[in-house]
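Heads up: the structure comes next, in structure tokens.
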2 protein chains.
Amino acid sequence: MISGVESSASGAPVSAGPVETGLHARVLEHLGTAICGGELTPGSVLNIDELVDRYAVSRSVVREVLRVLASMGFIETRRRVGVLIRPASSWNVFDPQVIRWRLASAGRMAQLRSITELRTAVEPHAALLAATRADHDEASDLVGLAAKMWAAGKAGDEERFLRLDIEFHRRVLRASGNEMFLRLQDLIAEVLTGRHKHHLMPHHPHEQALQLHAEVAQAIQRHDGERARRAMVELMEQAFDEMRSLWEQAGEPGQG
Amino acid sequence: MISGVESSASGAPVSAGPVETGLHARVLEHLGTAICGGELTPGSVLNIDELVDRYAVSRSVVREVLRVLASMGFIETRRRVGVLIRPASSWNVFDPQVIRWRLASAGRMAQLRSITELRTAVEPHAALLAATRADHDEASDLVGLAAKMWAAGKAGDEERFLRLDIEFHRRVLRASGNEMFLRLQDLIAEVLTGRHKHHLMPHHPHEQALQLHAEVAQAIQRHDGERARRAMVELMEQAFDEMRSLWEQAGEPGQG
DNA sequence: CGCCTTGAATAAGTCTGCTTTTTGGGCCTA
DNA sequence: TAGGCCCAAAAAGCAGACTTATTCAAGGCG
């Protein structure tokens with residue numbers, strides 16, 4: 001039995017933070033996007049009082065925000081100097097928050113490309129591991145999900161297909177038994193929904209993609225790791241090709 | 001020319017934070033390790049005043065620490081309730097700080113296993129990409145590094161071999177042109193140095209490993225992506241086998 | 001008896017003014 | 001010109017008052 005796919009399985013909503021409210025969140029959001037968006041260039045200097053004035057909040061709020069930004073590698077504070085903006089090379093690019101900011105910024109395409117390459121590397125290996133580690137139920141659920149995806153794809157129900165797609169990849173990552181792979185799920189969900197929101201997906205998924213999802217599920221169920229891996233590689237290549245056409249038409253070379 | 005390998009190339013020290021001082025760092029460190037180490041179990045509740053007393057610091061320090069911990073997914077604060085410890089499933093397991101804490105905790109073996117699997121997935125793909133993207137100098141440097149590794153391995157100079165090993169993998173990740181891959185370098189360095197510190201490495205690297213590093217470098221230089229990938233896969237399998245013998249002897253099943 | 005309103009208790013969130021510590025840069029001297 | 005000294009600037013940290021949201025329970029109503 002496939003449990004609660006529609007209603008966002010396993011508690012966590014797919015990709016909708018509860019719209020964090022409060023001063024802290026507001027200021028963090030603004031500064032984070034400003035740095036990701038390049039409005040605050042590396043090397044430039046702020047100071048706390050300036051930020052207190054600019055956002056009309058108290059020092060405590062500003063200081064708490066700065067601590068968080070520092071832990072993300074966005075800034076560095078130095079006594080007698082102020083708050084230094086650090087270069088992109090020291091950002092924690094795996095922080096889900098950072099990913100979200102970057103996907104919302106001008107660097108969106110570069111971010112999409114990075115994550116898509118990461119998926120291309122990780123998901124096939126996850127499928128391989130899943131084939132040796134998935135229990136009976138997990139494997140059955142995957143087969144069932146692939147079947148539902150096929151139906152949704154044929155019916156042209158994009159919304160549903162997207163949800164199922166995200167869920168399918170989440171389950172494979174979970175079945176791999178590697179906690180770090182599972183955490184990548186959040187990033188992948190961001191990419192898939194982002195791709196959907198920006199209308200970067202074919203309205204009817206390719207026949208082959210539908211077939212490959214089924215292939216992955218079946219191979220995992222039959223503990224054929226190498227077959228699962230290969231099918232996932234093909235899926236990734238297809239996804240990668242679709243993305244490539246995007247960032248080529250977006251006029252961005254993609255090569256960071 | 002290979003520039004500054006010994007003296008920690010590219011500025012960043014390999015794995016030695018400048019021993020963060022200050023109250024904030026001290027309290028953060030203590031709470032972070034306590035949560036990672038399972039001393040504070042998920043669901044249990046703290047409150048700010050209690051922490052103020054326990055660490056004998058002011059509210060601002062505690063609050064800044066809590067904001068950082070919250071951004072790592074370690075805690076959640078709720079009005080009228082206090083500070084809730086969140087389960088490991090919501091931690092930002094890619095945060096370098098979190099990795100360090102986990103490597104220092106009882107879950108060290110699970111962490112090593114996760115990262116090693118991640119390497120196994122990512123590095124071969126990085127080698128593949130590097131073969132198409134690396135410029136002439138990068139490729140030459142890799143070949144030179146592999147040669148130095150061979151020499152250091154044969155000479156039994158562990159320290160030097162370790163440094164070169166880390167540098168080699170860093171360069172491959174960098175040459176892949178993917179910023180996210182490059183950031184994984186920090187994690188990998190933690191693993192390699194950790195493995196060394198805990199005497200989990202053969203004193204004389206296997207002949208085959210030395211050969212494989214050279215193979216990877218050469219394949220990249222000749223733009224033979226598939227060959228580079230395959231050689232890296234073999235390297236990873238070897239590293240994985242070495243690690244496996246470790247966590248099996250450590251009595252930990254490894255399956256999280 | 002169960003449900004809804006209401007109000008008090010509680011703990012985080014925010015603000016403000018203050019002291020302490022660090023450090024970059026100017027200045028002075030040898 | 002080099003080295004050391006001193007000062008001011010800015011973050012780091014402290015203390016306490018006040019604000020706001022949330023929970024929980026008591027009491028009223030159907």
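All chains are named by letter (A, B, ...) in the order of the sequence lines, taking the proteins before the strands, and each is independently numbered beginning at 1.
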Just the table, please: protein N/O against nucleotides 10-12 of chain D N/O, every pair under 3.5 Å.
from: D:dA11; atom 1: OP1; to: A:I48; atom 2: N; distance (Å): 2.9
from: D:dA12; atom 1: OP1; to: A:T77; atom 2: OG1; distance (Å): 2.7
from: D:dA12; atom 1: O4'; to: A:R79; atom 2: NH2; distance (Å): 2.7

Pairs flagged by salt bridge (charged side-chain N to carboxylate O under 4.0 Å, His left out) wherever residues 22-31 of chain A is involved - sequence neighbours left out: none
Partners of B:F74 by ring-ring contact (aromatic ring centres under 6.0 Å, His included), sequence neighbours excluded? B:W91, B:W101
Output side-chain donor-acceptor pairs under 3.5 Å for residues 39-49 of chain B, partner residues at least two apart or in another chain, one line each.
from: B:S44; atom 1: OG; to: B:T41; atom 2: O; distance (Å): 2.5
from: B:N47; atom 1: OD1; to: B:D49; atom 2: N; distance (Å): 3.3
from: B:N47; atom 1: OD1; to: B:E50; atom 2: N; distance (Å): 2.9
from: B:D49; atom 1: OD1; to: B:R59; atom 2: NH1; distance (Å): 3.4

All pairs passing ring-ring contact (aromatic ring centres under 6.0 Å, His included) where residues 36-65 of chain B contributes a residue, at least two apart: B:H30-B:Y55
Test of understanding: with side-chain hydrogen bond (donor to acceptor under 3.5 Å, both in side chains), list the residues that count as partners of A:S89, not counting sequence neighbours. none
Shoot me the first and last contacting nucleotide of DNA chain C against chain B, ordered 5' to 3', at under 4.0 angstrom to non-hydrogen atoms. C:dA9 to C:dT14
Please enumerate all residues that pass ring-ring contact (aromatic ring centres under 6.0 Å, His included) together with B:H125, with sequence neighbours excluded. none
Qualifying ring-ring contact (aromatic ring centres under 6.0 Å, His included) pairs with a residue from residues 31-50 of chain A, counting only residues at least two apart or across chains: none
